[in-house]
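Here the structure is a predicted model, which means the values were calculated and not measured. Per chain, numbering begins at 1; letters A, B, ... match sequence-line order.
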Protein chains: 2
Amino acid sequence: MPPARGDRDARREDVSEAVWRTLADKGFGGLTLRAVAATMGVSTGMLMHYFPTKHALVVHALDVLEKRTADRPRRDRPAEGLAALRATLLDILPLAPDDTARNRVWVSSWDLALADGDLGADQADRYARMRSAIRPHLEAARRLGELPGSADTDRADTDQLAATVVAFAHGLVVQALFDPERFPPAVQTSMVDGFLRSLTAERPTRAPDA
Amino acid sequence: MPPARGDRDARREDVSEAVWRTLADKGFGGLTLRAVAATMGVSTGMLMHYFPTKHALVVHALDVLEKRTADRPRRDRPAEGLAALRATLLDILPLAPDDTARNRVWVSSWDLALADGDLGADQADRYARMRSAIRPHLEAARRLGELPGSADTDRADTDQLAATVVAFAHGLVVQALFDPERFPPAVQTSMVDGFLRSLTAERPTRAPDA
DNA sequence: AGGTACGTAACGAGCGTTCGGTATGTAAGG
DNA sequence: CCTTACATACCGAACGCTCGTTACGTACCT
């Protein structure tokens, strides 16, 4: 039986913490074994003991990112429909330091993800999941009459709207990260409300063009 | 008087071309002096002759990106107002291979830009310019009655709407880059039209909340 | 004893950068 | 018109550094 001293999982958790801190202030481009080791005050050999290769550590770093995203504290979901969607969006935006760090890491991972096929596919999946999380709120909003279109509106239509909502959110994230002074929490919140208000409105009866 | 043989600027243009090709298939993370040198079949010493340091070459690479963005072929501006805005947005999105390459490079530069203060400020400026390019279209659209609000609508309001439009566009860019199959040109175009249609609509008279 | 958990030290590769050398041109002097 | 002088353009090799990775040694636990 292995000694299982000090608990292997606990150690990996320590590594996760160090990986996260390193990512937060150097980005993925600055994620090196030595940087992580220095952050937690150990040797690179120790890291290799828990992650056989750098690639394994990068993959783990992305897991940490996803876990932190999933487990982050969230504001109360006020209700179904648009109000819930609003809360969801506000939980994504960089309104507090922690959110900023998480989004910064996220954006910084895109360089790697675009260069590596597998990581790119993971990223695409993450977006698909994000849209799936948005969709129910849109459907509820339609049922509640907060959004035009009936409950039996085309599935493709809802997908597309979910993608638009996600696009707005992440596009705002990027701008806010680069220019936090121009996008303080109040502005971001106001933009979310403005965006949601535009969704609420009745559309003209016919589409402008194809 | 300096010899000014072979035209220095022409050489720098050759370097720009090689830098662009390197960026397009390796991203900013893969932008190394040796890679660029290999792409144009010269030595790294030659590169240092035209760019004293790697940082200078990175800055130049961002200039190339901006120049390529500014000089890209664009579809005809059909008119003022929303139609012009629509054309502007379609010119941003990755609808053709060239656009995809340009956007890929753009997104890949964010990792570096977030880690380096100066580059980050440049990026913020680029976004400010992008919003400034959008704003006139919004004002025209308001004058034409295509958008709610009068011509004397708050400047801050227009700024915010411009930021929302840019957010939508770049958020869609990122999703499309990672999942081109789910976001073919037709879907992207349809999303733009849907987004613009939602702007067109009359808003409810009062805001939902703060 | 033997396996686990590290630290230490080193390897080879790749990086940005530096340096010396060799062309190749213009400019000046006889 | 040839020569000398000098700056530019560029190559090839090397330096010093950091990277990921490996090898080896040691302390500890069972």
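Partners of A:T22 according to the side chain to side chain donor-acceptor pair (under 3.5 Å) rule, which considers only residues two or more places apart in sequence or in another chain, are A:T39. With sequence neighbours excluded, the residues forming a side-chain contact (heavy atoms from CB on, under 4.5 Å) with B:E13 are B:S16, listed by chain and number. Residues satisfying the side chain to side chain donor-acceptor pair (under 3.5 Å) criterion with A:T53, sequence neighbours excluded, are absent altogether. Under the side-chain contact (heavy atoms from CB on, under 4.5 Å) criterion, B:D25 pairs with no residue at all, not counting sequence neighbours. Every residue two or more places apart in sequence or in another chain that forms a side-chain contact (heavy atoms from CB on, under 4.5 Å) with A:A83 is listed here: A:P78. A:R75 is linked by a side chain to side chain donor-acceptor pair (under 3.5 Å) to A:D91, counting only residues two or more places apart in sequence or in another chain. For A:D125, there are no side chain to side chain donor-acceptor pair (under 3.5 Å) partners two or more places apart in sequence or in a different chain.
Among residues at least two apart or in separate chains, salt bridge (Lys or Arg N to Asp or Glu O under 4.0 Å) pairs with a member in residues 100-114 of chain B are B:D99-B:R102.
Of the residues in residues 15-39 of chain A, those placing a heavy atom less than 4.0 Å from an atom of DNA chain C are A:R34, in numerical order. Against DNA chain C, the stretch residues 46-61 of chain B makes heavy-atom approaches under 4.0 Å through B:M48, B:T53, B:K54. Of the residues in residues 106-115 of chain A, not one places a heavy atom less than 4.0 Å from an atom of DNA chain C.
Whole-Å rounding puts the A:R11 CZ to C:dT4 P distance at 17 Å.
Of the possible donor and acceptor atoms, none in the side chain of B:Q123 sits under 3.5 Å from a partner among the backbone N and O of B:A113.
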For residues 168-186 of chain B, which side-chain N or O atoms pair as donor and acceptor with protein atoms under 3.5 Å away, sequence neighbours left out?
from, atom 1, to, atom 2, distance (Å)
B:H170, ND1, B:Y127, OH, 2.6
B:Q175, OE1, A:R131, NH1, 2.8
B:Q175, NE2, A:A163, O, 3.1
B:D179, OD2, B:R182, NE, 3.2

